[in-house]
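See structure below.
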There are 2 protein chains.
Amino acid sequence: MSSDVDDTKLRLLETAGTVFAEKGYRAATVREICQRASVNLAAVNYHFGDKERLYIESVKRAHFCRGQHVPPPSWPDGTAPEDKLRDVIRAILERMLAAPDTAWHGQLMMRELQQPTAACAELVRDYMRPHFDLIRSILVELLPDSIGDDKLRLIAFGIVGQCLHFRLGRAIIGMLTPPEEFRRYQAGYLAEHVASWTLAAVDGLRLRAEQGVDR
Amino acid sequence: MSSDVDDTKLRLLETAGTVFAEKGYRAATVREICQRASVNLAAVNYHFGDKERLYIESVKRAHFCRGQHVPPPSWPDGTAPEDKLRDVIRAILERMLAAPDTAWHGQLMMRELQQPTAACAELVRDYMRPHFDLIRSILVELLPDSIGDDKLRLIAFGIVGQCLHFRLGRAIIGMLTPPEEFRRYQAGYLAEHVASWTLAAVDGLRLRAEQGVDR
DNA sequence: CGCCGAATCATACAATTGTTTGAAACAAGT
DNA sequence: ACTTGTTTCAAACAATTGTATGATTCGGCG
């Protein structure tokens with residue numbers, strides 16, 4: 001319970017995150033993690049119980065750290081929903097495109113997305129669900145009341161999907177984009193595009209609603 | 001060298017592809033592959049040498065098979081770009097969300113994209129680039145001329161990103177969606193949403209252009 | 001039939017890996 | 001100084017996994 005304990009536990013968590021991100025859950029061995037963290041092999045089972053729990057905790061910590069880095073925005077009452085949308089999209093993208101020294105957070109997330117493990121459930125509950133609900137609440141302010149809950153969800157998924165693609169598909173996007181333009185693909189630039197494109201769709205939907213066109 | 005040999009060898013290749021796609025290289029065991037393929041454990045070493053060779057061969061075969069059903073959609077002259085957009089989005093989603101027994105090609109591909117290798121370049125050139133250019137050409141028809149090439153690319157990335165998310169993020173989306181609604185998340189339903197949402201944004205952009213608003 | 005090469009099979013082996021164990025080191029309270 | 005509870009350590013254990021082996025079966029050919 002001393003600071004020593006927290007030290008090894010933390011070092012273990014941090015190291016585990018990088019190794020899991022690098023090799024995946026199965027290919028990562030507790031032996032390598034412990035060796036890299038300079039702790040005894042038994043430390044994993046002592047502090048976390050088993051490998052899976054270590055993985056879950058390291059994933060949770062990765063997202064916690066990421067969340068600390070770019071805190072969720074909070075607006076004064078009466079802030080225009082358009083501004084909120086811009087802010088929240090920018091926050092998401094900034095978190096995703098963070099500095100490379102914390103890039104393993106993103107790698108871990110990518111692995112979780114593709115092959116969800118037990119860590120996924122906790123991750124969704126503690127971290128993704130709140131963000132998702134935030135986006136939906138902003139969309140409610142933006143869109144006509146006639147929009148159903150199902151549509152709202154799809155739109156929110158679309159926003160998240162676009163942001164994710166700029167992170168996960170970064171390598172491919174780099175191959176499909178001229179270098180001088182790809183260099184501009186920073187969080188602010190991309191966020192501005194996603195937000196304004198979304199708001200254009202909102203305008204388009206309003207237009208249709210006003211004109212009574214349902215398609 | 002009889003047809004018997006080719007049979008077991010082929011069944012092994014096919015089964016290996018699905019298992020590798022499902023679990024990844026490391027987590028997939030030759031025992032499970034052989035069991036599912038109903039061949040003896042030693043068959044892998046006999047026919048392919050070792051596990052890695054089997055993996056390489058199954059990936060090559062997956063790419064070969066995928067190349068067979070990538071018929072670029074072709075429309076009669078004068079087809080409305082809106083319809084083209086719907087078709088192409090639906091085609092992408094259908095390929096991504098195909099039945100698991102034929103979708104493992106794509107899963108393997110996604111897995112390779114995650115860890116970009118030399119094969120990634122070929123993959124982009126043969127598979128992603130054509131689709132990407134097709135989407136862009138449709139967007140050119142849809143959008144005002146004032147739209148720049150850079151914007152066009154971002155919009156196309158957005159469409160692809162949304163589709164990809166419904167495939168890669170499927171597990172997490174399932175956790176954020178009521179079951180009775182998630183059950184409706186089939187290719188047609190999702191494609192209709194992505195297309196109509198994109199077209200709404202197109203309308204919104206046109207509206208702004210007409211009104212001279214640049215934001 | 002008798003033989004031979006290819007293919008399949010059950011089984012064994014060696015290496016790796018997650019986990020456990022029991023002792024030792026350590027810190028802190030009394 | 002002694003005790004107590006916590007943490008670290010080296011070693012071992014049991015299960016899994018890739019691979020190798022030797023016997024067996026099968027199909028065709030002289």
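Naming: A, B, ... by sequence-line order, numbering from 1 per chain.
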Checklist entry - B:Asp7 CG to D:dC26 C1': how many Å, rounded? => result 16 Å

Checklist entry - Which residue, B:Ile138, B:Ile135, B:Leu139, B:Leu142, forms the side chain to side chain contact (heavy atoms under 4.5 Å, CB included) with B:Lys84? => result B:Ile138

Checklist entry - Quick one: OG on A:Ser58 to CD on A:Glu14, what's the gap to the nearest 0.5 Å? => result 9.5 Å

Item to check | Interatomic distance where CG belongs to A:Leu54 and P belongs to C:dT19 [whole Å] | outcome: 10 Å

Checklist entry - Starting at CZ of B:Phe48 and ending at C1' of D:dT19, how long is that distance when rounded to a whole Å? => result 16 Å

Checklist entry - Is the shortest side-chain N/O distance from B:His47 to OP1 or OP2 of C:dA6 below 4.0 Å? => result no

Checklist entry - Any side-chain N or O of A:Thr8 under 4.0 Å from OP1/OP2 of D:dT8? => result yes

Item to check | Spacing of CD1 belonging to B:Ile33 relative to CZ belonging to B:Phe20, to within rounding of 0.5 Å | outcome: 4.0 Å

Item to check | Rounded interatomic separation in angstrom, taking CG from A:Asp50 and P from C:dT17 | outcome: 17 Å

Contact list (N/O, under 3.5 angstrom) for nucleotides 11-17 of chain D vs protein:
| unit_1 | atom_1 | unit_2 | atom_2 | d |
| --- | --- | --- | --- | --- |
| D:dT17 | OP1 | A:Arg26 | NH2 | 3.1 |

Checklist outcome for this item: CD1 (A:Ile173) and CZ (A:Phe182) are apart, to the nearest 0.5 Å, by 7.0 Å

Checklist entry - Does B:Asp133 come within less than 4.0 Å of B:Arg136, counting only side-chain N to carboxylate O? => result yes

Checklist entry - How bent is the helix from C:dC1-D:dG30 to C:dT30-D:dA1, comparing axes over its five end pairs at each side, to the nearest 10°? => result 20°

Show me the donor-acceptor pairs, under 3.5 Å and distance only, between side chains in residues 152-168 of chain A and residues at least two apart or in other chains.
| unit_1 | atom_1 | unit_2 | atom_2 | d |
| --- | --- | --- | --- | --- |
| A:Arg153 | NE | B:Glu181 | OE1 | 3.1 |
| A:Arg153 | NH2 | B:Glu181 | OE1 | 2.6 |
| A:His165 | ND1 | B:Phe157 | O | 3.2 |
| A:Arg167 | NE | A:Met96 | O | 2.9 |

Next on the checklist: Output the rounded distance in Å from CG (A:Leu12) to P (D:dT7).
Outcome noted: 14 Å

Checklist entry - Quick one: do the B:Asp83 and B:Trp75 side chains pair a donor with an acceptor below 3.5 Å? => result no

Next on the checklist: Determine whether B:Val19 and B:Thr15 satisfy the following criterion, side chain to side chain contact (heavy atoms under 4.5 Å, CB included), listing intermediate values before the conclusion.
Outcome noted: CA-CA 6 Å; B:Val19 178; B:Thr15 310; 4.3 Å; yes

